[in-house]
Amino acid sequence: MNTVLSQFLIEVPTATVIWSLLLVLALTGLAVLVARPERDQTTEVAAGSPPPDAPPPVADLRRYAEEVAVAAAGAAQTARRRRAAWLAAQDALDRAWQAYDEADTVARRFAGAGALPRPRTPRTPTEYADRERWLHQEAVAAHWRGELSVERLRDVFAHRDGWDPRRHPVEHEVMLARAVREDRRTAYRAAAGRERVAWRDAELAAEAARSLAVEACAATQRLRPARVPLSRPATSAARPTPAARWRPARVN
């Protein structure tokens, strides 16, 4: 009786340990089977998408390089056109200054005309009609030469702004010279403003062309395959040059 009881007490704990191990193994396998599809799915998704640090495809790089090259060519053409426009504006500014300088020289000749006595002429309707006719002819001639503006010509014919046809032709000549100088000064200032705008546009266009040219060069460089440095063949170590031995001179 004691033998059977002792054997029972020994075998029952052993069986319990074995069944516990089998249960742990079964639960572990079930957990692996449950978790494996997610890992496989994650692996498939990761395999389908390129890694974050991978370079873009060659086709995208080529298309980008072509687009940047086209944009750089257009920007260079625009820069050349803007520069030509600025050079033309600069030439126009030089001509406007030269015209103003000539008109100023002519107007300065009449600086002391006010101190001279006025010529005496008969004040008759015929004389006034001749003065008016002369004034209108000189104003129209100055306008056709490009010296007098349309607004100033209208004032002359409307007898506004001091243009009195009854004045002496000498006074009309002084007034015409001063009017021409004022109009050419106005034209010079307008030409200077156009030249500044043209220069600013040319500078902006040149800067844009330079930036696109640099970007196009960089895009072309990215298309070229990376050069792998060739491994140098193993060479034997250079032998050290033996040091020259010093020998005492032989004395005869």
Side-chain angles (χ1 to χ4, degrees), residues 73-212:
Q77 186 177 2
T78 302
R80 288 192 295 269
R81 187 169 61 252
R82 295 287 176 82
R83 178 173 175 79
W86 170 64
L87 292 176
Q90 193 174 24
D91 292 339
L93 178 63
D94 294 340
R95 290 193 300 269
W97 168 256
Q98 184 177 2
Y100 167 71
D101 186 60
E102 293 176 357
D104 182 67
T105 302
V106 174
R108 286 177 182 274
R109 295 176 183 174
F110 299 100
L116 298 177
R118 298 179 182 179
R120 293 184 179 182
T121 55
R123 298 182 180 182
T124 60
T126 305
E127 176 67 19
Y128 289 148
D130 292 341
R131 292 181 181 184
E132 183 177 7
R133 189 182 306 108
W134 183 89
L135 174 62
H136 291 172
Q137 291 177 355
E138 291 296 322
V140 170
H143 172 70
W144 283 112
R145 289 194 302 267
E147 300 174 353
L148 208 64
S149 63
V150 178
E151 292 78 8
R152 191 83 66 175
L153 184 63
R154 291 174 181 173
D155 292 340
V156 171
F157 277 88
H159 305 159
R160 293 191 302 259
D161 198 15
W163 295 100
D164 187 359
R166 294 173 299 178
R167 289 187 174 183
H168 195 273
V170 174
E171 295 179 314
H172 288 158
E173 188 176 2
V174 174
M175 292 181 64
L176 283 173
R178 293 174 179 175
V180 169
R181 180 177 61 182
E182 292 298 325
D183 287 347
R184 287 191 171 180
R185 181 190 289 117
T186 303
Y188 168 73
R189 291 175 178 174
R194 289 192 296 269
E195 190 272 339
R196 285 193 298 269
V197 173
W199 177 80
R200 183 173 63 251
D201 293 343
E203 285 294 315
L204 293 176
E207 183 63 26
R210 283 192 293 267
S211 300
L212 285 174

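For clarity, every value in this text was computed on a predicted model and none was experimentally measured.
Here the shortest heavy-atom pairing between Leu153 and Val140 reads CD1-N, 4.0 Å. Considering all non-hydrogen atoms of both residues, Pro165 and Leu135 come closest at CA-CD2, 4.3 Å.
Distance CD/Glu138 to CD/Glu147: 10.0 Å, rounded to 0.5 Å. Put simply, CE on Met175 and CD on Glu171 are 8.5 Å apart, with the number rounded to the nearest 0.5 Å. A distance of 6.5 Å separates CD in Gln90 from CG in Leu87, rounded to the nearest 0.5 Å.
With hydrogens and angles disregarded, no donor-acceptor distance shorter than 3.5 Å links the side chain of Arg166 to the backbone of Tyr128. In terms of modelled atom types and a separation under 3.5 Å, the side chain of His172 and the main chain of Asp164 share a donor-acceptor contact. In this structure, His143 contributes its side chain and Leu148 its backbone to a donor-acceptor pair below 3.5 Å.
Atom CD of Glu203 is surrounded by more than 12 heavy atoms from other residues, nucleotides or ligands within 6.0 Å.
The side-chain heavy atoms of His168 and Arg131, taken from C-beta on, include a pair separated by under 4.5 Å. Inter-residue side-chain proximity for His136 and Val156 is flagged as met; some heavy-atom pair is nearer than 4.5 Å.
Taking Glu207 as the reference, Arg210 meet the side chain to side chain donor-acceptor pair (under 3.5 Å) condition, with sequence neighbours excluded.
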Please report, to 0.1 Å, the donor-acceptor pairs under 3.5 Å made by any side chain of residues 180-202, with sequence neighbours excluded.
from   : atom 1 : to     : atom 2 : distance (Å)
Arg181 : NH1    : Asp104 : OD1    : 3.4
Glu182 : OE1    : Arg185 : NH1    : 2.8
Glu182 : OE2    : Arg185 : NH1    : 2.7
Asp183 : OD1    : Arg152 : NE     : 3.4
Asp183 : OD1    : Arg152 : NH2    : 2.9
Asp183 : OD2    : Ser149 : N      : 3.1
Asp183 : OD2    : Ser149 : OG     : 3.4
Arg184 : NH1    : Ala99  : O      : 2.9
Arg185 : NH2    : Tyr100 : OH     : 3.3
Thr186 : OG1    : Glu182 : O      : 3.0
Glu195 : OE2    : Trp86  : NE1    : 2.9

